[in-house]
Amino acid sequence: MSGLQQVTREAFGKINLGLDVLGKREDGYHLVRMIMQTVSVADTLVLEKTEEPGIVLKTDSGQIPDGEDNLVCKAARVMQEAYGLPGGVRITLTKRIPVAAGMAGGSTDAAATFLGLRDLYGLSLSDEELQHLALPLGADIPYCIAGGTKLAEGIGEKLTGLPPAPPCHLVIVKPDLFVSTGWVYKQYDSTGIVKKPDLDGLIRAIREQDLPRMAALCDNVLEEVTAPEHPVIGQLEQFLTERGALCARMTGSGPTVFAIYENRESRDAALSALRSDDRFKGFESFAAEFC
Ligand code: ATP
């Protein structure tokens with residue numbers, strides 16, 4: 001048991017450089033093939049031991065549950081029950097990752113809770129053991145525990161390490177609208193989309209550190225569902241591409257768009273143009289890098 005009273009952890013958001021849907025399991029989960037990448041848009045969690053048993057969550061976000069429905073509380077409960085952790089824990093969550101954005105905000109907060117409690121209590125557990133414990137809470141959590149550039153298969157839990165994607169500069173922008181992940185997958189199932197992203201080519205480009213080819217092969221089948229429904233996604237992609245992006249694509253089920261730039265100056269110029277355009281007023285936007 002460690003003598004620590006408090007630990008702080010950054011919880012990084014993710015984007016999908018590539019996303020393909022391969023089918024559906026009998027239990028309703030979709031089988032996917034995704035190239036995942038953590039980005040430098042991050043929440044911060046401070047985890048403190050308390051004498052009082054239980055879990056207390058404080059968050060600055062009004063958009064997520066602050067009680068036991070929060071994935072952070074669910075993760076903490078799983079750890080307390082699995083390892084009989086003494087006393088209680090107070091968790092302060094500062095949210096920066098847009099909510100319901102396709103950036104795995106809840107999953108990465110849960111992952112940071114698993115990792116933070118391992119450190120706080122000095123538990124000798126491997127990442128694999130934590131990933132196994134975390135999977136019932138969400139298929140993206142095992143990846144968020146690992147982070148970096150990964151191929152995720154199965155329902156997202158079968159991870160293969162890839163070399164770090166070539167360095168570049170990103171604009172990440174979340175339009176001011178809500179997209180239901182459940183609705184997107186349902187539409188995907190009923191519309192019979194046949195488009196197949198070239199994920200093997202994308203993996204090769206990453207291995208060869210070929211940024212322009214990697215960017216050209218970034219692709220997401222769910223964009224075929226979400227973008228026609230919300231034309232602003234296409235407008236954002238066009239706007240960012242016209243300002244020098246190698247590519248602009250949607251992440252997850254949307255509605256967030258990321259754009260990849262080779263140099264920082266053109267990224268910064270595109271981001272300030274975006275922020276001063278009335279069509280995109282109120283959208284959450286970030287300058288970011290891979291991490
Ligand atoms: P994914 O990319 O995995 O589909 P997402 O980025 O689309 O995830 P989240 O930000 O994880 O979506 O939020 C999805 C839902 O989860 C929200 O409606 C929110 O109420 C709930 N939720 C529970 N805990 C959290 C948390 N710590 N942070 C964000 N959302 C949370």
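Every number for a ligand or one of its atoms is a count from 1 in the order of the listing.
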Output yes when the distance from some N or O of ligand 1 to some N or O of [X] is under 3.5 Å, and no in every other case.
X    : value
K95  : yes
D109 : yes
I64  : no
V99  : no
A104 : yes

Which protein non-hydrogen atom lies closest to [atom], naming both residue and atom, and how far is it?
atom                    : value
atom 5 (P) of ligand 1  : G102 N, 3.5 Å
atom 4 (O) of ligand 1  : T181 OG1, 4.0 Å
atom 13 (O) of ligand 1 : A100 N, 3.6 Å
atom 11 (O) of ligand 1 : G106 N, 2.7 Å

List ligand 1 atoms under 4.0 Å from [X], heavy atoms only on the residue side.
X    : answer
D140 : 3 (O)
L71  : 23 (C), 24 (N)
M103 : 2 (O), 6 (O)

Worksheet item: Going through the checks in order, is the side-chain contact (heavy atoms from CB on, under 4.5 Å) test met by L162 and K150?
Response: CA-CA 5 Å; L162 298 173; K150 299 276 184 297; 5.8 Å; no

Worksheet item: Is atom 16 (O) of ligand 1 close to the protein, meaning a heavy atom under 4.0 Å from it?
Response: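 For atom 16 (O) of ligand 1 the answer is no, since every protein heavy atom stays at 4.0 Å or beyond.
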
Item to complete: Considering only protein heavy atoms, determine whether one is less than 4.0 Å from atom 31 (C) of ligand 1.
Response: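 Within 4.0 Å of atom 31 (C) of ligand 1, protein heavy atoms are found.
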
What I want to find out is whether [X] reaches [Y] closely enough, with some N-O distance under 4.0 Å, to be called a salt bridge.
X    : Y    : answer
K195 : E224 : yes
D210 : R204 : no
D200 : R33  : yes
K58  : D66  : no

Worksheet item: For D189 and H30, does a side-chain donor sit closer than 3.5 Å to a side-chain acceptor?
Response: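 Yes, a side-chain donor-acceptor pair sits under 3.5 Å.
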
Discussion item. Could you tell me if E289 and S40 have a donor-acceptor pair between their side chains, going purely by distance under 3.5 Å?
Written reply: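 S40 vs E289: no donor-acceptor pair found between side chains.
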
Item to complete: Flag this pair as yes if the NZ/CZ of K174 is under 6.0 angstrom from the six-membered ring centre of F286 and inside a 45 degree cone about the axis; otherwise no.
Response: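 No, K174 and F286 do not form such a contact.
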
Item to complete: Taking the six-membered ring of F239 (Phe, Tyr or Trp), confirm whether the NZ or CZ of R243 is under 6.0 Å from its centre and within 45° of its axis.
Response: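 Pair R243/F239 counts as cation-pi.
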
Worksheet item: Hey, what do you get for OH (Y143) to CG (L151), rounding to the nearest 0.5 Å?
Response: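 The CG atom of L151 is 11.5 Å from OH of Y143, to the nearest 0.5 Å.
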
Worksheet item: Is there a heavy atom in P65 that sits closer than 4.0 Å to ligand 1?
Response: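 So P65 counts as touching ligand 1.
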
Fill in: Structural part of N70 in contact with ligand 1, heavy atom criterion under 4.0 angstrom
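Both backbone and side chain.
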
